[in-house]
2 protein chains.
Amino acid sequence: MSKSIFYHAGCPVCVSAEHDIVNLVGIDNVEVVHIGEVRDRIEEAEKAGVKSVPALVTPQGNVLHINFGASISDVKG
Amino acid sequence: MSKSIFYHAGCPVCVSAEHDIVNLVGIDNVEVVHIGEVRDRIEEAEKAGVKSVPALVTPQGNVLHINFGASISDVKG
């Protein structure tokens with residue numbers, strides 16, 4: 001995995017964080033996944049260790065939970 | 001302000017996040033401030049909107065609270 005993956009659920013906190021992360025990391029270096037819409041990637045996010053969104057999974061596989069928009073269980077519910 | 005500022009307090013969560021952020025953003029693009037040691041910058045961090053560390057303040061002045069190491073009040077106490 002060479003790109004970071006930014007998981008979000010479309011909430012205002014997520015959108016704001018997405019803009020900041022894309023500005024910082026560069027649009028070419030991050031894949032943005034809206035797990036509220038692309039629901040079959042929720043399980044992938046959970047396996048990566050994502051507990052809440054927005055979250056950034058680094059190329060090294062570390063999870064950075066950024067601010068707090070929604071818990072994964074809220075997104076699933 | 002053209003650099004981001006990463007505020008931390010030396011805790012393991014902070015150190016891990018620092019490595020990730022430096023890898024993602026680039027060492028030349030972020031100033032790292034240990035507010036547990038450089039205590040006269042705690043007020044600056046608070047004014048920027050930092051509620052907990054580790055946190056990244058972007059060049060646009062937005063605050064990204066990353067994971068959760070310690071609240072500012074814990075660092076001050």
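Below, chains carry the letters A, B, ... as their sequence lines are ordered, and counting in each starts from 1.
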Going only through I, L, V, M, F, W and Y residues with side-chain contacts under 4.5 Å, is there a path from Val57(B) to Ile42(B)? yes
Proximal component of Val63(A), with respect to chain B [non-hydrogen, under 4.5 Å]: backbone
Linked, directly or transitively: Val53(B) and Val30(B) (ILVMFWY side chains, under 4.5 Å): no
Checking an interface table here. Which of residues 31-41 of chain A come within a heavy-atom distance under 4.5 Å of chain B? none
Where along residues 7-26 of chain B does a heavy atom come under 4.5 Å of chain A, listed by residue number? Ala17(B), Asp20(B), Ile21(B), Asn23(B), Leu24(B), Val25(B)
At a heavy-atom distance under 4.5 Å, which candidate from Asn67(B), Leu56(B), Asn62(B), Ile66(B) has the highest pair count against chain A? Asn67(B)
